Amino acid sequence: MEAPRRTLVVHGGAGDWSEELRAKAMAGIDRALDAGLAAFDGGPLEACLAAVRVLEDDPLFNAGIGATLNSEGFVEHDAAVMEGRDLRAGAVGAVRGIRHPVDLARAVMDDGRHVLLVGDGASRFAASAGVETADPAIFLVDRRRRQLDEWRRGDGDTVGAVAFEDGHLAAAVSTGGYTGKLPGRVGDSPIPGAGLYADDRLGAAVGTGTGELFIRLVLAKFAVEQMASVNAAEAATGAIDLLDRRLQGRGGIITVDREGRAGAAFNTGWMPWGDRTDATP
Ligand code: ASP
């Protein structure tokens, strides 16, 4: 098989997906892959962003419009981006009223002064950076209201993407966290090394699952470091094994290595994910 020139891997969150939602989730993953592939001309980060934006717009996924509600009944988003070339990263935590949180993460990276902005300061930065804001009420979708009523913890469906192009790697992630989290809680997603990591010398990874455990294990960095000696699929499996063995955690991860091979692993009921490669010069 010809070596891929471009690879995009996308996931829609590891969790307990009901049978009836699985086909819809895979349709969403396909739309995200289409959008990401179409954006590759701008580089691997643009491909990740385009894919994640599609999933943020889909109320099925726990990101953007469909994000889970916290214990007080409102949405706070986390999101991040990272590029493997110079290890540049940008992230936002517990932000409200941002239409596409992943765009705000990208604006933080482009601005370059900081890696992570949270809460109100991040919202004010959005205004100055020209990132689209939204009425926080648009994020209150019925399915999430019902989930808050049931207060089910562990319904993780963060979205994420990793991409490879001509030796360069990128990662993007966006989430509402999980139902019933405390206001102000920041998960693993916007923390480089925990929820995402990209290094052109090794690989890229994006995780989904109980964020507190990903932070404690620095799990995305662990997966990426594995790719010094194993391929993307083995690194993904190794990371989820560690999550399981060390902290009895549940979650999933997608990976791409420096040769453009894709990987994914999860130990939850299911995780919608998919990958596309392109070998054409
Ligand atoms: N990792 C996310 C968080 O803890 C949730 C998830 O992926 O399900 O914020």
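Computed from heavy atoms alone, side chains included, the values below leave out hydrogens, waters and symmetry copies. One-based numbering, in listed order, for ligands and for the atoms of each. A quick note: this is a predicted structure, and the numbers were derived from the prediction, not measured.
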Proximal atoms of ligand 1 relative to Thr208 (non-hydrogen, under 4.0 Å): 6 (C), 7 (O), 8 (O)
Donor-acceptor contact below 3.5 Å, side chain Asp58 vs main chain Phe61: no
In terms of atom number and element, which parts of ligand 1 are under 4.0 angstrom from non-hydrogen atoms of Asp188? 1 (N), 2 (C), 3 (C), 4 (O), 9 (O)
Less than 3.5 Å apart, any donor N or O on the side chain of Thr175 or Thr158 sitting next to an acceptor on the other? yes
Of all pairs that satisfy ring-ring contact (aromatic ring centres under 6.0 Å, His included), the ones with a partner from residues 76-134, not counting sequence neighbours: His77-Phe139
Under 3.5 Å, N or O to N or O, is Thr158 touching ligand 1 that way? yes
Please determine if Arg185 has a nitrogen or oxygen closer than 3.5 Å to a nitrogen or oxygen of ligand 1. yes
Could you check which of Gly15, Gly209, Gly187 puts a non-hydrogen atom nearest to atom 2 (C) of ligand 1? Gly209
Do Asp278 and Arg5 have side chains that get closer than 4.5 Å, going by heavy atoms? no
Would you indicate whether the side-chain heavy atoms of Leu202 and Asp199 approach each other to under 4.5 Å? yes
Do any N/O atoms on Gly211 end up under 3.5 angstrom from N/O atoms on ligand 1? yes
